[in-house]
There are 2 protein chains.
Amino acid sequence: MQPSSRVTIRDVAARAGVSVATVSKVINQRYGVAAETNARVLAVIEELGYEASLVAQSLRNHRTNVIGILVADLEPFSTELLKGAADAIRGTGFELVVYSAGGRTSDHVGWERRYLSRLSGTLIDGAVLVTPTVTNVQYDAPIVAVDPHTGPSDLLTIDSDNLKGGRLATEHLLGLGHRRIGMLTGRSDLQSAQLREQGYRQALQAAGVTVDESLVAVGAYDPEIAVDAARELLSGPDRPTAVFAANDISAIATIEAATQLGLRVPEDVSVVGFDNVPESALCVPPLTTVDQPIRRMGQRAVELLVALIRGEQPDSFHVTLETSLVVRQSARAFPSP
Amino acid sequence: MQPSSRVTIRDVAARAGVSVATVSKVINQRYGVAAETNARVLAVIEELGYEASLVAQSLRNHRTNVIGILVADLEPFSTELLKGAADAIRGTGFELVVYSAGGRTSDHVGWERRYLSRLSGTLIDGAVLVTPTVTNVQYDAPIVAVDPHTGPSDLLTIDSDNLKGGRLATEHLLGLGHRRIGMLTGRSDLQSAQLREQGYRQALQAAGVTVDESLVAVGAYDPEIAVDAARELLSGPDRPTAVFAANDISAIATIEAATQLGLRVPEDVSVVGFDNVPESALCVPPLTTVDQPIRRMGQRAVELLVALIRGEQPDSFHVTLETSLVVRQSARAFPSP
DNA sequence: TTGAAAGCGCTAACAG
DNA sequence: CTGTTAGCGCTTTCAA
């Protein structure tokens with residue numbers, strides 16, 4: 001990158017024959033600039049194609065009008081959330097920047113603390129944290145957490161009714177006649193994962209089915225971990241006839257594992273997922289899953305954050321949206337008719 | 001936001017009883033710091049939870065190791081691309097930041113020039129431009145364009161075989177017996193839109209069908225514009241029996257418009273889309289569409305950009321990936337059997 | 001081995 | 001109305 005090729009405020013000032021302060025005033029529409037000077041500076045700005053450096057500006061001003069969305073990775077869930085966030089940002093006057101920690105969060109717990117430290121106060125006025133790995137990120141800037149970490153926290157949070165969702169999925173399988181129902185659990189540090197598992201256990205218990213712990217394996221919301229765990233789960237002689245996976249990614253991985261083992265879905269194993277990301281409809285067979293309104297969660301998170309930044313009192317500290325069952329074709333009656 | 005609550009290098013220096021310069025050296029692992037001092041500073045950094053401000057750093061250093069992805073909006077196409085970009089970024093040592101112009105690009109042509117000006121040189125080392133609205137963004141930082149603007153350009157570009165895709169879609173419809181085939185075109189400033197339309201025209205011509213210009217309407221890749229255009233197109237007494245929409249979003253909008261008009265898809269109108277975003281499988285009926293490998297495009301774009309930033313010669317200046325037809329259920333034989 | 005000072009691009013007081 | 005100056009948080013000479 002050649003030095004000096006970027007147009008700075010000094011270039012504009014020099015070309016217009018004024019000081020940088022004057023140019024700054026023109027840019028920020030401050031009072032005290034002669035109409036003629038104003039016009040001349042504006043012309044030079046146009047001519048040179050000058051735009052103020054966001055970085056330099058935010059180092060001075062503490063308000064930047066950009067909000068950050070910090071995600072562990074860019075995968076179906078987080079990108080779906082981004083669509084909702086984008087919907088909500090329009091017309092607010094804020095801009096959106098997304099930071100991705102680049103997956104593999106396992107080897108870097110606390111990435112959001114790091115990112116927040118690096119960005120907040122400068123660059124962003126507030127942040128939405130998606131599936132954070134820690135509970136307490138105390139910062140001066142407003143923060144909203146989506147699908148938060150377990151444990152008590154003073155953060156504002158958005159989530160969906162994971163407990164009910166877990167129950168719904170399991171009850172569906174029970175209703176189809178399954179009794180040996182396995183579960184691929186999620187990222188144990190997230191509330192959502194714990195609640196989905198709890199819903200699973202509650203539903204089984206309510207139906208008088210004892211949980212066989214050998215049928216519960218960790219999928220960690222991760223496709224690779226899930227595919228291994230699912231293979232293991234489905235390999236035994238006494239394998240489950242149905243599997244509830246804690247998210248769609250794991251459910252898809254389960255179908256993959258089943259296929260590798262020569263098992264057909266849903267004829268030999270039924271699979272139910274969680275999330276209802278668009279990919280769940282693409283998979284073969286189309287996935288029966290629990291819908292959580294991901295886009296709406298992204299929207300609410302941004303709305304809440306913007307209100308906070310504007311100094312308004314939030315009307316609620318924890319928002320929980322509804323979940324519901326979406327029946328497609330990956331689960332069917334047992335024993336097979 | 002309370003002032004002074006952010007931990008800065010000065011806080012660390014004060015607490016460790018050294019100068020900021022020394023702290024900086026410790027952070028950057030420069031030579032010339034006593035082992036003992038080093039340890040003490042490190043301890044304070046840990047204690048205070050200090051992280052260097054990305055903004056301040058990048059104002060000084062011209063290298064930041066972050067690359068930017070500039071998108072017009074966060075919708076199915078761009079988010080799909082992001083997934084590929086995220087795949088490619090792992091292990092490169094670069095971080096990813098996504099900037100969204102917040103849709104409604106129509107009222108702001110040249111958003112990417114503005115963003116680039118605001119970010120490049122500071123904050124990002126290079127950028128991927130997704131569906132840019134202008135052709136010449138000359139910058140000191142490396143740039144790769146995905147689905148580029150029309151007209152000659154010196155940018156490195158990634159796209160897919162849009163001409164062939166347009167032909168494939170139209171030939172499929174012709175093969176089903178359709179002759180009155182309408183088209184909902186895309187954003188006319190993008191090469192992809194022009195080529196898809198050209199493919200449509202070529203296929204019709206090759207089949208000896210004259211293009212009825214009243215059957216060609218502008219959808220602009222935009223759901224709202226598309227739904228209106230589709231309604232118009234399908235309202236006439238002499239309506240088309242099939243519509244090729246320039247992207248899946250428009251195709252889904254077409255199905256919506258048809259439904260509003262009391263027309264069934266595919267019984268009364270066949271619809272074919274373009275992109276094969278996950279949403280295309282979710283729609284009712286599942287969309288027959290042209291697949292372009294969006295994730296792979298995102299991957300290639302990032303790979304190319306990283307190579308460029310590292311000063312390597314790119315092996316190619318324009319990468320065009322394959323397109324293929326995906327038959328689902330939104331198009332069927334005409335006349336209906 | 002350490003620190004003082006300059007400066008990245010910008011804005012805000014304050015003088016002129 | 002305009003320019004000078006200081007400083008945001010950081011890194012990098014250069015002296016001490």
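What you see below is based on every heavy atom in this structure, not just the backbone, and it leaves out hydrogens, waters and symmetry mates. All chains are named by letter (A, B, ...) in the order of the sequence lines, taking the proteins before the strands, and each is independently numbered beginning at 1.
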Pair B/Ile124-B/Ile67, side-chain contact (heavy atoms from CB on, under 4.5 Å): steps then yes or no: CA-CA 5 Å; B/Ile124 60 176; B/Ile67 73 178; 5.8 Å; no

Stepwise salt bridge (Lys or Arg N to Asp or Glu O under 4.0 Å) check, A/Arg300 with A/Asp159: CA-CA 10 Å; A/Arg300 293 300 302 267; A/Asp159 59 11; over 6 Å; no

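A heavy atom closer than 4.0 Å to some atom of DNA chain C occurs in B/Gly32, B/Val33, B/Ala34, B/Thr37, these being the qualifying members of residues 26-45 of chain B. Across residues 13-23 of chain A, A/Val18, A/Ser19, A/Ala21, A/Thr22 each have a non-hydrogen atom less than 4.0 Å from an atom of DNA chain D (numbered order).
To the nearest angstrom, P of D/dT2 lies 8 Å from NZ of A/Lys25. Atom CZ in A/Arg118 sits about 12 Å away from atom C1' in D/dC10, given to the nearest Å.
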Distances for protein N or O near nucleotides 6-9 of chain D N or O, under 3.5 Å:
| from | atom 1 | to | atom 2 | distance (Å) |
| --- | --- | --- | --- | --- |
| D/dG7 | N2 | A/Arg60 | NE | 3.0 |
| D/dG7 | N2 | A/Arg60 | NH1 | 2.3 |
| D/dG7 | N3 | A/Arg60 | NH1 | 2.9 |
| D/dC8 | O2 | A/Leu59 | O | 3.4 |
| D/dG9 | N2 | B/Ala56 | O | 3.4 |

Using a 3.5 Å cut-off and no angle test, enumerate the donor-acceptor pairs between side-chain atoms of residues 20-34 of chain B and protein atoms at least two apart in sequence or in another chain.
| from | atom 1 | to | atom 2 | distance (Å) |
| --- | --- | --- | --- | --- |
| B/Thr22 | OG1 | B/Ser19 | OG | 3.2 |
| B/Ser24 | OG | B/Asn28 | ND2 | 3.4 |
| B/Asn28 | ND2 | B/Ser24 | O | 2.8 |
| B/Arg30 | NH1 | B/Asn28 | O | 2.8 |

Check residues 37-48 of chain A and write down every donor-acceptor pair under 3.5 Å in which the side-chain atom is one partner and the other belongs to a residue at least two apart or another chain.
| from | atom 1 | to | atom 2 | distance (Å) |
| --- | --- | --- | --- | --- |
| A/Arg40 | NH1 | A/Ala16 | O | 2.4 |
| A/Glu47 | OE2 | A/Arg15 | NE | 3.1 |
| A/Glu47 | OE2 | A/Arg15 | NH2 | 2.4 |

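Under the 4.5 Å side-chain criterion, counting only non-hydrogen atoms from C-beta, A/Leu129 is not in contact with A/Val144.
For B/Arg295, the side-chain hydrogen bond (donor to acceptor under 3.5 Å, both in side chains) partners at least two apart in sequence or on another chain are B/Asp87.
We find that B/Glu95 and A/Arg114 are joined by a salt bridge, their nearest charged nitrogen and carboxylate oxygen being less than 4.0 Å apart. One finds no salt bridge joining A/Asp147 and A/Arg187 here, because no Lys/Arg side-chain nitrogen approaches an Asp/Glu carboxylate oxygen to under 4.0 Å.
Looking only at distances, a side-chain donor or acceptor of A/Tyr221 sits under 3.5 Å from a matching main-chain atom of A/Ala193.
For the side chain to side chain contact (heavy atoms under 4.5 Å, CB included) criterion with A/His149, the lone passing option out of A/Thr131, A/Asp189, A/Leu155 is A/Asp189.
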